[in-house]
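We name chains A, B, ... by the order of the sequence lines, and we start the count at 1 in each one. This one's a predicted model, so the numbers in the text were calculated from it and none came from an experiment.
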Amino acid sequence: MEQFNELMQARLTKRQKLLERGIDPYGGRFEVSESVAEARRNPTAEREVTLAGRIVSHRDMGKSMFADLKDSTGKIQLYIQKKVLSDEQFDLFKHFVDLGDIVGVTGKLFVTHAGELTVRVEGGTLLSKAVRPLPKEWYGIKDTETRLRQRYLDLILNDKVRETFVLRSRVVAEIRKFLDDRGFMEVETPMMQPIPGGAAAKPFQTHHEALGIDLFLRVAPELYLKRLLVGGFEKVYEINRNFRNEGISRRHNPEFTMLEVYEAYGNYETMMDLVQGMITSVADNVLDRLVIKRYDGAEIDLTPPWRRIRYRDLIEERVGKDWFTISAAERRQRAIAMGVEFPKDAPDYEVSNAVYEKTIEPTLLNPTFVTHLPAELVVLAKPSKEDPSVVDVFELVINGQEIAPAYSELNDPVIQRQRFEAQAAGHAEKLDEDFLLALEHGMPPAGGMGVGIDRLVMMLTGVESIRDVILFPQLRPQA
RNA sequence: GAGACGGUAGCUCAGCUGGUAGAGCAACGGCCUUUUAAGCCGUGGGUCCUGGGUUCGAUCCCCAGCCGUCUCACCA
């Protein structure tokens with residue numbers, strides 16, 4: 001049971017009194033002449049403007065008062081004078097408009113002695129009476145839980161947060177534009193899949209009543225996008241959510257946004273050019289710069305060309321030229337000595353990979369294409385012609401995180417079936433026969449790539465947590 | 001899943017060795033017509049996360065739980 005506290009009661013009383021006076025405290029259509037930002041861009045003295053927004057602070061001086069009005073584009077000061085307004089209107093502002101209320105005002109622009117562009121209010125309307133108090137803007141809200149559970153308050157009070165999400169939207173728009181300009185077509189493929197494929201992550205399960213079947217929220221769109229390559233769409237992409245039923249951390253949210261791109265007749269190298277062009281162009285157009293300052297002061301330089309290095313070479317460079325010539329037992333010992341942990345029964349390639357993931361990847365701040373990973377690590381990629389123990393792939397690492405993996409996609413249906421069978425380890429029901437059927441009809445050789453949009457935005461905005469770039473990150477429901 | 005830390009007014013926080021709570025801002029009532037983190041005077045506002053325990057007495061100590069933050073684990 002919600003206790004109506006005193007603060008709320010005072011506001012509810014005001015709401016009631018307004019209704020009794022025949023004033024609707026919740027307004028209706030209100031036509032503004034411009035946004036706050038537009039008003040600021042044309043600060044001609046005595047120009048009349050009509051603006052709408054939320055009152056985020058106010059300073060009552062008796063027969064006059066100042067208030068700050070905030071809309072989606074910015075903030076502007078209002079000057080409300082008794083001598084300018086009718087008694088009724090002045091009374092409305094003085095006694096009925098509170099912090100957090102949404103109002104519409106008309107008045108003329110002027111600049112105060114303190115140099116602040118201000119609207120001398122000549123008339124106003126209450127458009128929404130907030131019956132809960134808004135924290136005073138200066139103090140804001142800091143409690144992470146409140147910020148996330150009541151993101152709207154976070155957005156009202158914390159400009160940085162608002163800017164991050166505006167920027168995210170522009171990043172996604174730029175990515176679409178970049179791909180559309182190059183002849184890629186955006187498509188949508190199933191979120192609910194009978195067999196979750198394209199990644200080895202744990203899926204969420206659901207049930208379709210009418211069909212009487214279990215379905216899984218997708219962990220990746222890959223296998224459906226490849227069906228489209230079979231179908232003759234040669235350049236396709238999808239920007240949409242993936243769902244993985246795994247831990248939540250600074251870098252993981254159960255649902256996250258992924259861009260997947262496929263280009264027929266391309267390979268992992270054409271994907272390198274594409275992603276390098278795409279990310280630098282996005283940074284250039286959205287941020288207007290290629291060097292990004294991170295939350296901890298570290299810098300990320302996106303200036304191309306980006307470093308390309310083979311997985312083996314990178315490991316040798318970092319942990320010793322002899323890493324791959326010593327015995328597997330010695331590798332284990334050295335890895336343990338470095339403080340790297342892995343399961344006791346981990347195969348040799350996983351020991352090296354643990355060393356890569358724990359000690360090398362986090363140090364790669366500037367963009368690095370790590371290429372030619374061991375075939376065991378990647379089941380959907382083509383083996384390399386000169387060395388079949390590795391695959392034609394890259395992992396693009398920026399900001400110490402994997403931002404984009406890309407492959408020369410495996411299109412031999414016989415090898416693909418073998419890899420799936422090895423992976424399914426006897427669980428025939430996990431084999432996506434429908435996908436294999438499509439591959440058997442012939443898929444063109446292709447380059448394919450996934451780009452983690454959340455992590456890309458984290459990198460571009462220099463924030464520390466994935467929750468800073470997802471509007472409503474997953475939280476435990478409130479008790 | 002494990003560990004560390006935390007949960008006190010609408011917001012931001014303080015609260016000693018155990019004696020049933022404080023500040024600033026916000027709110028309410030005053031004064032003040034170019035202020036801007038406005039100021040001054042006054043008033044009201046608390047399930048100190050929840051439940052047990054110890055104690056004459058618990059916001060404080062102990063136990064359990066809930067929730068959160070961080071780290072680790074999991075994570076193509």
Candidate nucleotides B:U36, B:C28, B:U69, ranked by approach to the side chain of A:A10 - the nearest: B:C28
Length of the line joining A:L78:CG and B:U36:C1', which is rounded to integer Å: 13 Å
Salt bridge flag under 4.0 Å for residues A:K358 and A:E341: no
For residues 216-226 of chain A, run the donor-acceptor check on the side chains, cut-off 3.5 Å, and write out each pair with its distance to 0.1 Å, sequence neighbours left out.
{"unit_1": "A:R218", "atom_1": "NE", "unit_2": "A:R241", "atom_2": "O", "d": "3.0"}
{"unit_1": "A:R218", "atom_1": "NE", "unit_2": "A:N242", "atom_2": "OD1", "d": "3.2"}
{"unit_1": "A:R218", "atom_1": "NH1", "unit_2": "A:T189", "atom_2": "O", "d": "3.4"}
{"unit_1": "A:R218", "atom_1": "NH1", "unit_2": "A:T189", "atom_2": "OG1", "d": "3.2"}
{"unit_1": "A:R218", "atom_1": "NH1", "unit_2": "A:E238", "atom_2": "OE2", "d": "3.0"}
{"unit_1": "A:R218", "atom_1": "NH2", "unit_2": "A:E238", "atom_2": "OE2", "d": "3.2"}
{"unit_1": "A:R218", "atom_1": "NH2", "unit_2": "A:R241", "atom_2": "O", "d": "3.4"}
{"unit_1": "A:E222", "atom_1": "OE2", "unit_2": "A:K226", "atom_2": "NZ", "d": "2.9"}
{"unit_1": "A:K226", "atom_1": "NZ", "unit_2": "A:E409", "atom_2": "OE1", "d": "2.7"}

Geometric class of the A:F204/A:F243 ring pair [parallel <30°, tilted 30-60°, perpendicular >60°]: perpendicular
Heavy-atom pair of closest approach, residues A:P43 and A:L109: CA-CD1, 4.0 Å
Touch class at under 4.0 angstrom, heavy-atom based, for A:D60 against every strand present: base
Sugar-phosphate, base or nothing in reach of A:A199, heavy atoms under 4.0 Å: base
P atoms of B:C25 and B:C60, separation to the nearest Å: 30 Å
For B:G22, the Watson-Crick or wobble counterpart (both distances under 3.5 Å): B:C13
Between B:C32 (P) and A:Y79 (OH): distance, integer Å: 14 Å
Sugar-phosphate only, base, or nothing, as touched by A:R467 at under 4.0 Å among non-hydrogen atoms: sugar-phosphate
B:U35 base / A:T112 side chain donor-acceptor hit below 3.5 Å: yes
Test: A:R59 and A:D68 ion pair at under 4.0 Å: yes
Atom-pair distance (CZ on A:R149; P on B:C67), nearest Å: 9 Å
Touch class at under 4.0 angstrom, heavy-atom based, for A:G198 against every strand present: base
Single hit among A:F369, A:Y311, A:Y407 for ring-ring contact (aromatic ring centres under 6.0 Å, His included) with A:F394: A:F369
Sugar-phosphate, base or nothing in reach of A:H95, heavy atoms under 4.0 Å: nothing
d(CZ, A:F342; P, B:C72) in whole Å: 18 Å
Sugar-phosphate only, base, or nothing, as touched by A:K202 at under 4.0 Å among non-hydrogen atoms: nothing
Closest nucleotide among B:C75, B:U69, B:U33 to the A:E246 side chain: B:C75
Pair assignment for B:A2, Watson-Crick or G-U wobble, requiring both distances under 3.5 Å: B:U71
A:H58 side chain near B:A27 phosphate (N/O to OP1/OP2, under 4.0 Å): yes
Proximal nucleotide (of B:G10, B:C75, B:U35) relative to the A:H252 side chain: B:C75
Per A:P133 side chain, nearest of listed nucleotides B:U69, B:G10, B:U35: B:G10
Proximal nucleotide (of B:U33, B:U34, B:U71) relative to the A:K63 side chain: B:U33
Touch class at under 4.0 angstrom, heavy-atom based, for A:V379 against every strand present: base
Residues A:D91 and A:K94 bridged, charged N to O under 4.0 Å: no
Short side-chain N/O contact from A:R59 to OP1 or OP2 of B:A38, under 4.0 Å: yes
Nucleotide nearest A:M61 when distance is taken to its side chain, options B:U71, B:A73, B:U34: B:U34
Nearest-nucleotide pick for A:T118, side chain only, options being B:A73, B:U35, B:U34: B:U35
Candidate nucleotides B:A73, B:U12, B:U36, ranked by approach to the side chain of A:D143 - the nearest: B:U12
B:U20 versus B:C48 - spacing of their P atoms, nearest Å: 14 Å
Rounded distance (Å) that lies between atom C1' of B:A38 and atom CD of A:Q77: 11 Å
Residue mapping more 5' on RNA chain B - nearest nucleotide basis, A:A201 or A:E464: A:E464
Phosphate OP1/OP2 of B:C74 contacted by A:R244 side-chain N/O (<4.0 Å): no
Sugar-phosphate only, base, or nothing, as touched by A:R11 at under 4.0 Å among non-hydrogen atoms: nothing
